[in-house]
Chemist: 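Below is a structure I'd like to ask you about.
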Amino acid sequence: MNALNIKAGDSISQIAEAVFGQGIPHCDALGLIIEDFAPPKMTVRLPFQEGLVGNPETGVLHGGGLSALIDTACGFLAMSMLEPLQPVATLDLRVDFLRPAVSADVFCEAEVYRVTRSVVFARARAWQTGGEGAREVAAAAGSFMITGQEIGRGPDPAEGAS
Amino acid sequence: MSLLEIARRARETGAAGPLIAYAPYARWLGLEARVVEERLIFTLPGRDDLIGNPKLKAIHGGVIAGYLEAVMQLELIWRLEALSVPKTVTVTVDYLRSARMQPTFAMASVTKQGRRASAVHVTAWQEDETKPVAQAHGHFLTTR
């Protein structure tokens with residue numbers, strides 16, 4: 001299942017570089033880290049940085065960083081589940097903001113629930129941790145177009161990745 | 001100065017700069033806006049750290065989503081005599097074409113302004129306004 005040889009703690013951009021030959025600048029800028037990779041699910045962490053704040057009076061994060069985290073987690077997971085491996089392009093993305101996200105790391109679990117010939121469907125939830133346990137801050141759904149541009153060997157069929 | 005005071009000042013002077021620069025995230029993206037015939041036209045710069053697809057040099061989809069959410073929020077603040085900062089409930093983005101490494105323009109409209117919630121939509125384009133790169137709509141909680 002893990003033909004991409006992903007370990008917890010790897011950065012998204014690092015794995016993209018191993019697969020595409022190039023990192024992903026915005027994922028580097030966000031410092032996105034893979035916490036768990038277990039298709040059809042994966043968990044990605046967005047470390048806190050000042051530039052993510054929307055309201056400087058309260059420290060509440062802007063929705064943009066959350067959207068980038070969610071889009072990346074879903075898109076990367078979608079790409080990794082295709083045989084052969086190939087990029088996807090987001091068709092649409094809906095994000096529901098459930099609670100204000102505070103000035104702290106955000107985690108996102110993405111799940112791919114349907115792969116067709118042309119489209120991958122994914123959902124995601126994002127949360128923060130704190131004294132009282134996990135606080136869900138966002139829920140999302142997205143669809144991703146399979147681009148048909150083969151970039152490398154796909155997962156080993158013997159591992160049952162698809 | 002609170003955001004609402006900054007917004008009031010911006011409407012009085014017609015200079016949107018301090019309003020756009022209020023949120024750290026908007027500053028990080030490098031958002032700009034100018035007033036053209038009483039409409040706010042926004043610009044997102046084409047910058048390397050915004051790239052999501054390095055082969056196409058296309059802007060990251062999450063950046064587009066964040067940009068359009070910010071544009072919708074700022075349009076609401078600009079338009080409404082709001083008593084509080086609009087809170088985003090939900091945003092849906094349709095990705096129509098790759099956004100390349102060049103400025104992305106955006107213009108929003110308030111679709112419906114309610115007592116407690118407002119609906120906004122926004123279009124983003126690069127070279128050709130008739131060929132948008134993305135469209136989005138959102139719902140925001142507002143109080144008057």
Side-chain angles (χ1 to χ4, degrees), chain A residues 12-13 16-17 20-30 32 46 49-76 87-98 100 103 138-145 147 149 151, chain B residues 1-4 6 21-31 44 47-74 84-99 101 134-141:
Chain A
I12 290 273
S13 185
E17 182 157 13
F20 288 90
Q22 285 175 285
I24 303 172
H26 193 62
C27 296
D28 270 329
L30 293 174
L32 296 177
L46 169 68
Q49 59 174 295
E50 279 298 327
L52 295 174
V53 170
N55 187 330
E57 288 175 37
T58 60
V60 168
L61 301 185
H62 196 276
L66 297 174
S67 295
L69 165 65
I70 291 167
D71 185 47
T72 300
C74 290
F76 183 95
V88 297
T90 317
L91 284 173
D92 80 334
L93 181 70
R94 175 200 169 103
V95 181
D96 294 328
F97 297 96
L98 309 178
S103 289
S143 59
F144 299 80
M145 191 78 184
T147 58
Q149 298 155 15
I151 53 173
Chain B
M1 249 198 297
S2 76
L3 175 61
L4 299 174
I6 294 173
Y22 179 77
Y25 183 71
R27 289 201 299 276
W28 190 42
L29 289 185
L31 240 70
L44 172 76
R47 224 171 55 202
D48 283 349
D49 67 328
L50 301 178
I51 290 176
N53 183 323
K55 206 157 279 191
L56 295 178
K57 278 193 170 317
I59 299 178
H60 194 287
V63 167
I64 296 290
Y67 173 43
L68 297 186
E69 181 191 346
V71 168
M72 288 190 284
Q73 287 169 313
L74 288 163
S84 66
V85 178
K87 287 193 180 128
T88 312
V89 177
T90 181
V91 173
T92 300
V93 181
D94 292 322
Y95 297 90
L96 306 173
R97 297 175 174 83
S98 273
M101 269 300 100
Q135 289 180 353
H137 70 270
H139 292 265
F140 301 82
L141 293 180

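Proteins get letters first, then strands, A, B, ... in listed order; numbering begins at 1 in each.
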Chemist: For His26(A), enumerate each residue passing the ring pair (Phe, Tyr, Trp, His ring centres under 6.0 Å) test, keeping only those at least two apart in sequence or located in another chain.
Modeler: Trp28(B), His60(B)

Chemist: Does any heavy atom of chain A fall under 4.5 Å from the side chain of Tyr67(B), the backbone, both, or neither of them?
Modeler: neither

Chemist: With sequence neighbours excluded, what pairs up with Phe76(A) under the ring pair (Phe, Tyr, Trp, His ring centres under 6.0 Å) test?
Modeler: none

Chemist: Of the listed residues (Ser98(B), Gly52(B), Ala23(B), Pro24(B)), which shares the most heavy-atom pairs with chain A below a 4.5 Å separation?
Modeler: Pro24(B)

Chemist: What's the spacing between Thr92(B) OG1 and Leu93(A) CG if we round to 0.5 Å?
Modeler: 8.0 Å

Chemist: Is a donor on one side and an acceptor on the other found under 3.5 Å between the side chain of Ser67(A) and the backbone of Gly62(B)?
Modeler: no

Chemist: Could you check which of His62(A), Glu57(A), Gln49(A) has the highest count of heavy-atom pairs closer than 4.5 Å to chain B?
Modeler: His62(A)

Chemist: Check each atom of Ala70(B) against the heavy atoms of chain A and say whether the ones under 4.5 Å are side chain, backbone, both or neither.
Modeler: both

Chemist: With rounding to the nearest 0.5 angstrom, report the CG to CG distance, Asp49(B) to Asp28(A).
Modeler: 10.0 Å

Chemist: Among Ala89(A), Ala140(A), Ala138(A), Pro56(A), which residue has the highest count of heavy-atom pairs closer than 4.5 Å to chain B?
Modeler: Pro56(A)

Chemist: Do you know which two heavy atoms are closest between Ile51(B) and Ile24(A), and how far apart they sit?
Modeler: O-CG2, 3.7 Å

Chemist: Nearest 0.5 Å, what's the CG-CD distance between Asn53(B) and Gln22(A)?
Modeler: 8.5 Å

Chemist: At a 4.5 Å cut-off on heavy atoms, which part of Asp48(B) comes close to chain A: side chain, backbone, both, or neither?
Modeler: backbone

Chemist: Looking at every heavy atom in both Val91(B) and Phe97(A), which two are closest together, and how far apart are they?
Modeler: CG2-CE1, 4.1 Å

Chemist: So, Tyr25(B) versus Glu50(A): side-chain donor-acceptor pair below 3.5 Å or not?
Modeler: no

Chemist: Given heavy-atom pairs under 4.5 angstrom as the criterion, report whether the side chain, backbone, both or neither of Val93(B) touches chain A.
Modeler: both

Chemist: By a 4.5 Å heavy-atom criterion (distance strictly below it), what part of Leu29(B) contacts chain A: side chain, backbone, both, or neither?
Modeler: neither

Chemist: On a heavy-atom basis, which atom in Asp92(A) and which in Asp94(B) lie closest, and how many Å separate them?
Modeler: CB-OD1, 3.5 Å

